[in-house]
Colleague: 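Shown below is the structure under consideration.
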2 protein chains.
Amino acid sequence: MNAPALTKNQALVFEVLEKADGPLSAYTILDKLRDHGFRAPLQVYRALEKLLEYGVVHRLESINAFVACAHPDQNCHSHGIVAFAICESCGHVMEFHDHEVDHRLMDWTRGKKFKAEKTTIEIRGLCEACAA
Amino acid sequence: MNAPALTKNQALVFEVLEKADGPLSAYTILDKLRDHGFRAPLQVYRALEKLLEYGVVHRLESINAFVACAHPDQNCHSHGIVAFAICESCGHVMEFHDHEVDHRLMDWTRGKKFKAEKTTIEIRGLCEACAA
DNA sequence: ATCGCACACGTTATAGCATAACGCAATTGA
DNA sequence: TCAATTGCGTTATGCTATAACGTGTGCGAT
Ligand SMILES: [Zn+2]
Ligand SMILES: [Zn+2]
Ligand SMILES: [Zn+2]
Ligand SMILES: [Zn+2]
């Protein structure tokens with residue numbers, strides 16, 4: 001899915017996520033956009049839905065939060081499963097891809113004839129700075 | 001963490017999960033236990049907290065639900081990361097382990113000096129029966 | 001024995017996350 | 001022009017999870 005021009009609301013939500021130094025919940029985004037006229041959660045969720053579809057934002061399932069894609073130039077959807085390491089202390093997120101992991105999981109699903117649609121890989125723990 | 005004898009509430013919650021043929025939300029569990037005196041979400045969440053700690057129940061982050069461990073005899077905590085394939089049509093869950101995947105993720109975290117505490121791997125899609 | 005502590009439990013209230021359902025306006029394409 | 005699509009705003013609601021308080025019970029230390 002390639003990203004068409006963003007609408008006003010989509011651009012606002014995306015900008016907030018890009019500027020943030022970590023993942024944000026939908027309601028946190030809402031609060032940051034009240035000055036721009038946002039009043040209701042749906043305004044955020046609807047924008048997020050599109051941004052996720054375009055692949056420019058990722059959802060972190062294990063913490064109910066959203067983060068701008070760390071690889072804006074590439075197309076995340078095109079190079080396999082996206083994995084995240086989430087620091088539970090400072091909140092920073094590292095996004096990475098590992099084709100070998102993709103391969104192993106694909107092997108498993110093929111063996112089980114399971115049709116994978118969306119795979120979540122999230123490692124929670126402490127980043128180097130916080131573990132010290 | 002080895003499981004000590006379960007308390008009454010813990011046993012009731014575990015029994016519900018074991019008998020279910022798929023993951024259940026905490027509130028669904030609550031409803032199933034109203035006849036046994038359960039009245040409030042906390043009764044379920046407190047039991048789940050312990051069952052998760054003992055490793056006999058897993059939490060599916062991507063669907064906010066809980067499932068009994070599929071390997072009751074083994075100790076899931078002892079053989080690496082637990083991965084799940086979740087059918088979005090029939091709700092069935094397959095639990096598996098792949099040491100090669102564990103290895104790759106561990107390699108990555110070591111390289112980044114990230115101290116992993118808990119890793120989530122969840123594949124959502126369609127099981128063989130439902131994909132047909 | 002009784003004090004202190006840990007733990008499970010019950011209850012009420014609240015916080016946090018997400019969507020349903022309605023209507024309106026602008027765009028597009030037949 | 002008409003119908004279909006898409007985005008938007010608003011209100012209301014539903015689902016998920018925890019805070020805060022108090023009770024009772026078991027158990028080891030004094
Ligand atoms: Zn990305
Ligand atoms: Zn950190
Ligand atoms: Zn297990
Ligand atoms: Zn299925």
Side-chain angles (χ1 to χ4, degrees), chain A residues 1-17 20 22-54 56-67 86 88 91 118 120 122 124, chain B residues 1-17 20 22-54 56-67 86 88 91 118 120 122 124:
Chain A
M1 175 71 60
N2 229 349
L6 300 183
T7 68
K8 185 165 184 300
N9 284 5
Q10 288 161 19
L12 285 167
V13 169
F14 184 60
E15 192 184 345
V16 165
L17 282 175
L24 301 178
S25 79
Y27 278 73
T28 302
I29 297 170
L30 173 58
D31 286 339
K32 288 180 182 294
L33 288 175
R34 289 203 187 274
D35 293 345
H36 291 76
F38 275 49
R39 314 279 312 163
L42 260 195
Q43 294 176 278
V44 176
Y45 282 110
R46 289 205 271 232
L48 285 172
E49 184 180 21
K50 288 300 180 182
L51 295 171
L52 290 168
E53 191 181 318
Y54 303 153
V56 297
V57 162
H58 299 292
R59 175 187 169 84
L60 302 176
E61 307 279 2
S62 64
I63 59 174
N64 297 320
F66 303 86
V67 68
I86 306 165
E88 305 199 283
K118 173 86 172 66
T120 297
E122 296 176 16
R124 292 188 300 300
Chain B
M1 175 71 59
N2 229 347
L6 299 183
T7 67
K8 187 166 183 300
N9 284 4
Q10 288 160 19
L12 284 168
V13 169
F14 184 59
E15 192 183 344
V16 165
L17 282 174
L24 300 178
S25 78
Y27 279 72
T28 303
I29 297 171
L30 174 58
D31 286 338
K32 287 180 182 297
L33 288 175
R34 290 204 188 272
D35 294 345
H36 291 77
F38 275 49
R39 314 278 312 165
L42 260 194
Q43 295 175 278
V44 176
Y45 281 109
R46 288 206 271 232
L48 285 172
E49 184 180 21
K50 288 301 181 182
L51 295 170
L52 290 168
E53 191 180 317
Y54 303 154
V56 297
V57 162
H58 300 291
R59 176 190 168 83
L60 302 176
E61 308 278 2
S62 64
I63 59 173
N64 297 319
F66 304 85
V67 67
I86 306 165
E88 305 199 282
K118 173 88 172 64
T120 297
E122 296 177 15
R124 292 188 300 301

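Values below: every heavy atom of this structure, side chains too, minus hydrogens, waters and symmetry copies. Throughout, a chain's letter reflects where its sequence line sits, starting with A, and its residues are numbered from 1.
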Colleague: Calculate the interatomic distance between B:Asn9 atom CG and C:dC9 atom C1'; express it in whole Å.
Modeller: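 About 7 Å, once rounded to whole Å.
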Colleague: A:Leu17 versus A:Val67: any side-chain heavy-atom pair under 4.5 Å?
Modeller: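 The answer is no; the side chains never approach within 4.5 Å.
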Colleague: Please report the C-alpha distance between B:Lys50 and B:Tyr54 in whole Å, then the side-chain angles of each, then the deciding distance to 0.1 Å, and finally whether the side chain to side chain contact (heavy atoms under 4.5 Å, CB included) criterion is met.
Modeller: CA-CA 6 Å; B:Lys50 288 301 181 182; B:Tyr54 303 154; 3.9 Å; yes
Colleague: Evaluate the side-chain proximity of B:Asn9 to B:Val13: yes if any heavy-atom separation is below 4.5 Å, no if none is.
Modeller: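 Contact flag for B:Val13/B:Asn9 side chains = no.
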Colleague: If you find the nucleotide of DNA chain D closest to A:Gly37 and the one closest to B:Ile63, which residue's nucleotide is nearer the 5' end?
Modeller: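 Nearer the 5' end of the strand: A:Gly37.
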Colleague: A side-chain contact here means heavy atoms from C-beta on lying under 4.5 Å apart; do A:Ser25 and A:Thr28 qualify?
Modeller: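 In short, these two side chains touch, coming nearer than 4.5 Å.
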Colleague: A:Pro23 versus A:Phe66: any side-chain heavy-atom pair under 4.5 Å?
Modeller: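 Side chain of A:Pro23 against side chain of A:Phe66, heavy atoms only: no contact under 4.5 Å found.
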Colleague: If you take any heavy atom closer than 4.0 Å to DNA chain C, which residues from residues 27-35 of chain A end up in contact?
Modeller: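 Hits under 4.0 Å, by residue number: A:Tyr27.
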Colleague: Each nucleotide in nucleotides 20-25 of chain C should get exactly one letter: B, S or -. Can you fill that in based on protein heavy atoms under 4.0 Å?
Modeller: BB----
Colleague: Find which nucleotide of DNA chain D each of B:Phe66 and A:Ala47 is nearest to by heavy atoms, and output the residue with the more 5' nucleotide.
Modeller: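 Final value for this comparison: A:Ala47.
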Colleague: Nearest whole Å is fine: how far is C:dG10 P from B:His36 NE2?
Modeller: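 B:His36 atom NE2 is separated from C:dG10 atom P by 13 Å.
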Colleague: Determine whether B:Arg39 and B:Gln43 make a side-chain contact, defined as any pair of heavy atoms from C-beta on separated by less than 4.5 Å.
Modeller: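 Yes, at least one pair of side-chain atoms sits under 4.5 Å.
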Colleague: Rounded to the Å, how far apart are A:Glu61 CD and C:dA18 C1'?
Modeller: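 My rounded result for the distance is 13 Å.
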Colleague: Please give me the minimum heavy-atom distance between B:Glu61 and A:Ser62, naming the atom from each residue.
Modeller: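 Minimum heavy-atom separation between B:Glu61 and A:Ser62: OE1-CA, 3.8 Å.
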Colleague: Only counting residues at least two apart or in another chain, list the ones meeting salt bridge (Lys or Arg N to Asp or Glu O under 4.0 Å) with A:Glu49.
Modeller: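 Residues passing salt bridge (Lys or Arg N to Asp or Glu O under 4.0 Å) with A:Glu49: none at all.
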Colleague: State whether B:Thr7 places a side-chain N or O below 4.0 Å from either non-bridging phosphate oxygen (OP1 or OP2) of C:dA8.
Modeller: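 No, B:Thr7 has no side-chain N/O under 4.0 Å of OP1/OP2 on C:dA8.
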Colleague: Under a 4.5 Å cut-off applied to non-hydrogen side-chain atoms, are A:Arg34 and A:His36 in contact?
Modeller: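 A side-chain contact under 4.5 Å is absent here.
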Colleague: Provide, to the nearest angstrom, the distance between the NZ atom belonging to B:Lys8 and the C1' atom belonging to C:dG10.
Modeller: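 Distance check: B:Lys8 NZ to C:dG10 C1' gives 13 Å.
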Colleague: Are B:Phe38 and B:Asp31 packed together at the side-chain level, in the sense that at least one heavy-atom pair is separated by less than 4.5 angstrom?
Modeller: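 No, their side chains stay 4.5 Å or more apart.
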Colleague: Return no unless some side-chain N or O of A:Asn64 is found under 4.0 Å from OP1 or OP2 of C:dA18.
Modeller: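 Checking C:dA18 against A:Asn64, a side-chain N or O does come within under 4.0 Å of OP1 or OP2.
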Colleague: Compute the angle between the rotation axes at the two ends of the helix from C:dA1-D:dT30 to C:dA30-D:dT1, each taken over five pairs, rounded to 10 degrees.
Modeller: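 Here the helix ends are tilted 20° relative to one another.
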Colleague: Does the side chain of A:Leu12 come within less than 4.5 Å of A:Leu6's, by heavy atoms?
Modeller: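 A side-chain contact is absent here, since even the closest heavy-atom pair is not under 4.5 Å.
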Colleague: Go through the steps for A:Glu122 and B:Thr120 under the test side-chain hydrogen bond (donor to acceptor under 3.5 Å, both in side chains), then give the verdict.
Modeller: CA-CA 5 Å; A:Glu122 296 176 16; B:Thr120 297; 5.6 Å; no
Colleague: Going 5' to 3' along DNA chain D, between which two nucleotides do contacts with chain B fall, using a heavy-atom cut-off of 4.0 Å?
Modeller: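 Footprint of chain B along DNA chain D, 5' to 3': D:dT16 to D:dA20.
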Colleague: In chain order, what residues pass the salt bridge (Lys or Arg N to Asp or Glu O under 4.0 Å) check against B:Lys32, with sequence neighbours excluded?
Modeller: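 With sequence neighbours excluded, B:Lys32 shows a salt bridge (Lys or Arg N to Asp or Glu O under 4.0 Å) to no residue whatsoever.
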